[in-house]
Structure formats: structure tokens, C-alpha cells
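Everything numeric in this text was worked out from a predicted model, so none of it was measured.
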Amino acid sequence: MIVFKRMSALLLAGVTIMAAAGCGSGGGTTASSGGADDGKITMGFAQVGAESGWRTANTKSIQESAKAAGIELKFSDAQQKQENQIKAIRSYIQQKVDVIAFSPVVESGWDNVLKEAQTAKIPVILTDRAVDSADTSLYKTFLGSDFVEEGRKAGKWLVEEYKDSTDTVNIVELQGTTGSAPANDRKAGFAEVIAAEPKFKVVASQTGDFTRAKGKEVMEAFLKSNPDIDVLYAHNDDMGLGAIEAIEGAGKVPGKDIKIITVDAVKDGMQALADGKINFIVECSPILGPQLMDLAKKVVAGEQVPARVLTEETTFTPEQAKAALPTRPY
């Protein structure tokens, strides 16, 4: 009887050790509690929405790059609502994915859900847009454009275009989604550059939510309240394209009666630029997928990555757009 009890105790101890080993290796990766034992990485991606041609191209890049990299992608569309993104991120935490990536709808209000991911030992990558959290340990890296510099590039073109003019230049601005990083930063960069010259006056500035329909609607209101508009600065191509419809509807010629500057350089915007309806576009590349998958593999493996990863971008004039359009991938 004593021998039997000793054998039972030994067997129980062995089972306990095996169970403990199983719990400890459940994540399958060194940087996450999630994932499969086959070593395949699972990424949860919470997208802003499908508000523009840029976003559609961005989503396609992420989906295609995940497939090419052998990464299982769990994808959600937040329809431009922060609460939907937070819900999606919490779902990814519950599913114990290996890495979470998202493009924040707005800059603020992320600390709680990011702390939940950190507690679950799931690394987070920000793409396209930043957050304004003071605790930078809540995410591993931010991959995207320098939105302030994009605004500066738009402002520099404007200053050069009107360098020989002494007349007042009346500007209207179509801002992106209120509270979003690109809207805040593109506005700030542009304002910084034109502030040096008093002749540049922003007579109206309002959000167009990065959509073509809202861009048209707001531009129609601008034209009614400000009959002497010289320049439109739109924070993305889609709003600019909507504004072109409003300008033409008012009997004016876009690109001539009203100079137009936009940001993105998606195919529709580039075509309008080539046609002379837009005067200058600052590029913001949506093709972030390959870089994102590379960063995901590194953070899941526990490797150090730069806190900020910039995308390389340029600017376009009408002639440059004509040259680039035949091979433009988006």
C-alpha cells in the first residue's frame, strides 16, 4: 500500500510538470502569449475603414503582404469609429494573436486597451497614424509618413507659386477626420510654412472626413460664404476630387480659377493632376504592407526595432503625374 501511494505521487508530479510545460509554451513565440504551436504568426489588424482610395490601397497592401509573408491575418474594418477599433483589439487579445497592428482613427484615448495588450504580452505596431500617449512602451514601433512634413511640402509649393505676388492669397482648407494624426499634422505643417508671409490667409477651414462626398459638400459651403477663393488645400485626394465637382458646379475652373493642393497621390488624384484640375500633390504612400510584415516578424521574435519607421515619399506636378501614371500601382 505504501509503495502504491509513492508511485501515485510520482505519477501525479510528472503530470503536473508536463501540464506546466504546456501552459508555458502555449504562445508558440517568445514575444506573445498567442499564436499556434506550428510557429505561424497570427496578426490582428484593425483598419480605420474604407473612406478613400488611399485606404482601399492600404488594405490591399496589408492583405496581400500578409499572404506573401505566410502570416495569418485577422482583419477588421472600424468604419471610422474608435469604439469599433477598441472592440476589435480586445477581441484580438482574447484570441491570443501574436501581434496586433492598427491605424488609429484618432490620436487620443488608447492607453487602456494598449495596456491590456501589454499585460497579455502581445506586441502592438502602429501603422499610418500615431497615438498621443505619453507611455511609448505601450507599442513597439510606428510605421508611417511624416504628416507634418507633408503639410510643409504643401506650404512650400504655395509660397513658391506666389513668390512674385503681393496680393492677398485667400486659402480654404479641407481637413481630414477631426482629431486624427494626419489632419492635425498636415494642418500644422502647412500653417508653419505660410505663417511667415502675411499675404497668405486661411479664410475657412473645416473637416471633410477624408471622403469625396464630404469634400464636395464642404467646398460648396466654402464657395457660398467666400466668393474670392484663390487656393484650396485638401488633406487628401478624395476630398480634393469632391471639391473639384463643387468648383465646376459653381462655374469655376479647378486648377486655374482656384489652385488646388492635395495629399496622397492615388490614381484618381494623379489623373486629375495630369489633367490640370489639381496643381500639386504631396505623396503619402499606402503601400505599407511589406514593411509591416517585416516588423511583425521581428517584434514577435523579440528583436529590437526602431521606434519610428518612415516611408519614402515624393511630390508631383502635372508633368510628373503624366510620367508616373502608366506604372502607378494604386
Determine the interplanar angle of the Phe200 and Tyr162 rings, folded into 0 to 90°, and report it as parallel if under 30°, tilted if 30 to 60°, perpendicular if over 60°. perpendicular
Those residues at least two apart in sequence (or on a different chain) that pass salt bridge (Lys or Arg N to Asp or Glu O under 4.0 Å) with Lys199 are Glu197
Sorted by chain and number, sequence neighbours left out, salt bridge (Lys or Arg N to Asp or Glu O under 4.0 Å) with Glu313 holds for none
Value for CD (Gln320) from CE (Met270), rounded to nearest 0.5 Å, stands at 8.5 Å
Assess, by modelled atom type and distance only, whether the side chains of Ser133 and Tyr139 contain a donor and an acceptor separated by less than 3.5 Å. no
- Query: Between the side chains of Gln95 and Ser91, is a donor N or O closer than 3.5 angstrom to an acceptor N or O?
  - Reply: yes
Problem - Flag for His235-Glu150: side-chain donor and acceptor within less than 3.5 Å - result: no
Does either side chain, that of Thr262 or that of Asp237, offer a donor lying less than 3.5 Å from an acceptor on the other one?
yes
Keeping Tyr92 on the side-chain end and Ala117 on the backbone end, is there a donor-acceptor pair under 3.5 Å?
no
Considering residues, nucleotides and ligands other than Lys153, do more than 12 of their heavy atoms fall under 6.0 Å from its NZ?
yes
In short, Phe75 meets Gln47 closest at the heavy-atom pair CZ-CB, 3.5 Å
Residues passing the salt bridge (Lys or Arg N to Asp or Glu O under 4.0 Å) test with Asp230, sequence neighbours excluded, are none
Which of Trp110, Phe45, Phe142 passes ring-ring contact (aromatic ring centres under 6.0 Å, His included) with Phe102? It is Trp110
The reported gap from NZ in Lys297 to CG in Leu292 (rounded to nearest 0.5 angstrom) is 11.5 Å
Thinking salt bridges, do Glu64 and Lys67 make one under a 4.0 Å N-O criterion? no
Of all heavy-atom pairs linking Leu174 and Met239, the shortest is O-CE, 3.3 Å
For Ile278 and Pro318, the nearest pair of non-hydrogen atoms, with its separation, is O-CG, 4.2 Å
Note: Trp54 and Ser285 closest approach over all heavy atoms is CZ2-O, 3.4 Å
*So, the side chain of Ser145 versus the backbone of Phe147: is there a donor-acceptor pair under 3.5 Å, distance only?*
no
Quiz item: Charged N to carboxylate O under 4.0 angstrom, Lys259 versus Glu160?
Solution: no
Q: Determine, for Tyr330 and Arg328, whether the Lys NZ or Arg CZ falls below 6.0 Å from the six-membered ring centre while staying within 45 degrees of the axis.
A: yes
So CD of Glu312 and CD of Gln291: to nearest 0.5 Å the spacing works out to 8.5 Å
Between Arg212 and Asp268, the two heavy atoms sitting closest are NH2-OD2, 3.2 Å
Q: Return yes if a side-chain donor-acceptor contact under 3.5 Å exists between Asn184 and Glu107, otherwise no.
A: yes
- Query: Does Ile260 offer a backbone N or O that forms a donor-acceptor pair with the side chain of Asn279 under 3.5 Å?
  - Reply: yes
Scanning both residues in full, the closest heavy-atom pair of Ala183 with Thr177 reads CB-O, 3.4 Å
- Is the backbone N or O of Thr211 less than 3.5 Å from a side-chain atom of Ser52, with the two atoms forming a donor-acceptor pair by type? no
Glu173 side chain to Ser205 main-chain N or O, any donor-acceptor pair under 3.5 Å?
no
Note: Asp135-Lys115 ion pair, threshold 4.0 Å (strictly below):
no
> Going by distance alone, is a donor N or O of one side chain under 3.5 Å from an acceptor N or O of the other, for Glu116 and Asn112?
Replying inline: no
The reported gap from CG in Leu288 to OG1 in Thr127 (rounded to nearest 0.5 angstrom) is 6.5 Å
| query | When you measure from the side chain of Thr42 to the backbone N and O of Glu72, does any donor-acceptor pair fall under 3.5 Å? | reply | no
